[in-house]
Amino acid sequence: MEELIFVCDTMVALGSATADGSVIFAKNSDRQPNEPHLLIRIPRKKHPKGSQVQCTYITIDQVEETYDVLLLKPSWMWGAEMGANEFGLNIGNEAVFTKVKQGPPSLLGMDLLRLALERCRTSLEAVHLITDLLAKHGQGGNCGYGKQFYYHNSFLIADRESAWVLETAGPFWAAKKVQDVYAISNRLSIGSDFDLAHPELINYAISRKWCSSEEDFHFARCYTNQLITTFSGASNREAACSRRLEQEKGRITVQTMLEILRSHEPKLEEGSPFSTPSVRSVCMHAGGLVGDHATGSYVAHLTSDLDTYWLTGSSTPCISIFKPYWMTENDIVFSENQEEEALQFWMLREELHRLVLQNKVPDLKEYRRLAAELEQEFLFLAQAPIGGEANPVQLEVIMKQAWQREQELVEDTVERSRSNAGQIRGNLWFRHYWQKQNERLGL
């Protein structure tokens, strides 16, 4: 029996909704659990006039200069699921399922995301670039790691002052400027209240008899593939994120976002997410018929003085440690030439996750306590530079210490747990699923 694959949740809170007037952006990337999720930093580059860039499936014209970018990307593709650039522009993408026919291999949503980060400075500029590229090249191609998986894309795009949600269906699209807070998941969310749109968006829907007139037009209702979207659990996850953001409006912090990214649907909070899968949890756990898992997590805290990023570099945010990151000159994440090192970084933390699934970590409660204490200490240390006279040396010292201490805790826990007896719990389908995944990953 084939498992179902669904992906991601992304959210933003603007200055009017946060406790300190900053913009806070967050995302879980939910993909196939054996697909490594790499942390890659690419510096600003100049390119010869007339040169081209090879994306995942097609080659397009390159620009003369690309910006310094931080990418959180699936290991096998050119593009990224989420990331930021030197100007504080942040983008996350979502798979959406529409009635519009899939096109041939062209630009993936992840390619569009990376291209916008490399070429744009503001959220609105990114909206225009993505839609221009969509018109010129289209979107299409397999997005799956271990199996074929096709979808269209939506994007949440934020800078230090504003944010936009951009949702697509083949070549068609609608965009809406964010007010206060917004969350997107694996479904179209824009109705008739868009601010920008493809010029033929409404006429195409009328021609297909999805609506009868301009007055009757509603983007999500007209273009959504209801069957796949319903099974994705997107409405539950989107509602959970939106509900928490609305409840906390005016006092949202980085901690708020971390809690949302780690949240499970009520039945898993009462039981164990390590023996039961759930497509409805923001912290998605795969197993059985649920084929996707939270493989990477990210929070961006954007202020006029300093942009602070919180990265796990690992799957399963409910057992991971978010570490502070600043885009300083002496970098702590990996370059394009260090993809093997980036892969090993993710794999070590993934081994910890699989040991937890196999119930080989005898002191999981103690590990989680130590991890929470470390993260709280990192949050405290990171507050000092914000709004103050932060200098690169100070930031690099904090980063180095935080990442090293997290590495030591993970290494120690994995080393002590590898030889322990244990077994995967849950129903037959869940156990079979993870046994198969572990074999394929060599764990």
Side-chain angles (χ1 to χ4, degrees), residues 5-12 25-42 55-57 69-85 89-97 107-118 120 126 130 139 141-146 149-158 165-168 183-187 232 234 237-238 241 257 260-261 282-284 286 291-300 309-317 320 322 325 333-334 336 339 342-343 345-346 349-350:
I5 304 175
F6 306 109
V7 288
C8 306
D9 293 282
T10 312
M11 66 206 88
V12 69
F25 178 96
K27 176 174 175 173
N28 274 347
S29 176
D30 303 331
R31 297 187 63 85
Q32 291 171 271
N34 282 359
E35 181 183 71
H37 198 82
L38 309 185
L39 299 172
I40 301 292
R41 171 88 175 272
I42 303 172
C55 301
T56 303
Y57 294 122
V69 295
L70 168 67
L71 304 176
L72 289 80
K73 64 186 293 294
S75 57
W76 62 275
M77 66 176 63
W78 183 82
E81 279 270 309
M82 49 201 177
N85 71 15
L89 180 64
N90 280 257
I91 311 177
N93 89 299
E94 301 280 332
V96 291
F97 309 99
L107 291 176
L108 296 182
M110 287 65 71
D111 296 336
L112 291 164
L113 184 153
R114 176 171 172 175
L115 289 165
L117 289 176
E118 289 186 339
C120 301
I130 291 172
Q139 61 176 319
N142 175 37
C143 303
Y145 178 63
F149 185 37
Y150 299 86
Y151 51 78
H152 294 139
N153 293 267
S154 68
F155 305 87
L156 193 55
I157 308 168
V165 57
L166 168 63
E167 298 180 341
T168 74
I184 61 173
S185 190
N186 306 120
R187 66 172 192 160
S232 76
R237 288 181 277 115
E238 183 186 295
C241 295
M257 293 300 199
I260 296 173
L261 294 182
V282 178
C283 181
M284 189 179 292
D292 261 20
H293 191 88
T295 58
S297 300
Y298 170 85
V299 175
Y309 300 97
W310 294 91
L311 315 176
T312 61
S314 61
S315 77
T316 328
S320 297
F322 284 84
Y325 176 77
V333 301
F334 307 96
E336 276 189 295
E339 287 210 357
L343 173 61
F345 185 91
W346 186 87
R349 287 148 186 81
E350 188 56 25

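Only this structure's heavy atoms are used, side chains among them; waters, hydrogens and symmetry mates stay out.
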Has the side chain of [X] got a donor or acceptor atom that lies under 3.5 Å from a matching backbone atom of [Y]?
{"X": "N28", "Y": "M284", "value": "no"}
{"X": "R349", "Y": "G313", "value": "no"}
{"X": "K27", "Y": "E81", "value": "yes"}
{"X": "D111", "Y": "G79", "value": "yes"}

Is there a side-chain contact between [X] and [Y] in this structure, where contact means two heavy atoms from C-beta onward sitting under 4.5 Å apart?
{"X": "W76", "Y": "T56", "value": "yes"}
{"X": "T10", "Y": "F25", "value": "yes"}
{"X": "P36", "Y": "Y145", "value": "yes"}
{"X": "F149", "Y": "N142", "value": "yes"}
{"X": "N90", "Y": "M82", "value": "no"}
{"X": "E167", "Y": "I184", "value": "yes"}
{"X": "L39", "Y": "Y325", "value": "no"}
{"X": "L115", "Y": "W78", "value": "yes"}

Return the minimal non-hydrogen interatomic distance between [X] and [Y], and the atom names on each side.
{"X": "L117", "Y": "A84", "value": "CD1-N, 3.6 Å"}
{"X": "S232", "Y": "F97", "value": "CB-CE1, 4.4 Å"}
{"X": "R237", "Y": "C8", "value": "NH1-O, 3.0 Å"}
{"X": "A294", "Y": "D30", "value": "CA-OD1, 3.1 Å"}
{"X": "S29", "Y": "H37", "value": "OG-CE1, 3.3 Å"}
{"X": "T295", "Y": "P33", "value": "CG2-CA, 4.2 Å"}

Next on the checklist: Let's go through C143 and M110 carefully: what are the C-alpha distance in whole Å and the side-chain angles of both, what is the deciding distance for side chain to side chain contact (heavy atoms under 4.5 Å, CB included) to 0.1 Å, and is it a yes or a no?
Outcome noted: CA-CA 9 Å; C143 303; M110 287 65 71; 4.1 Å; yes
Rounded at 0.5 Å granularity, tell me how far [atom1] in [X] sits from [atom2] in [Y].
{"X": "C120", "Y": "L89", "atom1": "SG", "atom2": "CG", "value": "6.5 Å"}
{"X": "L38", "Y": "L71", "atom1": "CG", "atom2": "CG", "value": "10.5 Å"}
{"X": "I40", "Y": "E336", "atom1": "CD1", "atom2": "CD", "value": "7.5 Å"}
{"X": "L113", "Y": "E118", "atom1": "CG", "atom2": "CD", "value": "10.0 Å"}
{"X": "S315", "Y": "W346", "atom1": "OG", "atom2": "CH2", "value": "5.5 Å"}

Item to check | Residues H293, T316; criterion side chain to side chain donor-acceptor pair (under 3.5 Å); working and verdict | outcome: CA-CA 7 Å; H293 191 88; T316 328; 2.9 Å; yes
Next on the checklist: According to side chain to side chain donor-acceptor pair (under 3.5 Å), who are the partners of S154, at least two apart in sequence or on a separate chain?
Outcome noted: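 Side chain to side chain donor-acceptor pair (under 3.5 Å) list for S154, sorted by chain: empty.
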Next on the checklist: For Q32 and D292: C-alpha separation, side-chain torsions, deciding distance, then whether side chain to side chain contact (heavy atoms under 4.5 Å, CB included) applies.
Outcome noted: CA-CA 5 Å; Q32 291 171 271; D292 261 20; 3.9 Å; yes
Checklist entry - Between T168 and Q139, does any side-chain donor sit less than 3.5 Å from a side-chain acceptor? => result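 Q139 and T168 do have a side-chain donor-acceptor pair below 3.5 Å.
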Item to check | side chain to side chain contact (heavy atoms under 4.5 Å, CB included) partner of L166, chosen from N93, I130, L112 | outcome: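 Checked N93, I130, L112 against L166; only one passes side chain to side chain contact (heavy atoms under 4.5 Å, CB included): I130.
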Checklist entry - For M11 and L261, what are the C-alpha separation, side-chain angles and deciding distance, and is it a side chain to side chain contact (heavy atoms under 4.5 Å, CB included)? => result CA-CA 10 Å; M11 66 206 88; L261 294 182; 3.8 Å; yes
Checklist entry - What residues form a ring pair (Phe, Tyr, Trp, His ring centres under 6.0 Å) with F345, not counting sequence neighbours? => result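 Per chain and number, F345 pairs via ring pair (Phe, Tyr, Trp, His ring centres under 6.0 Å) with F334, W403.
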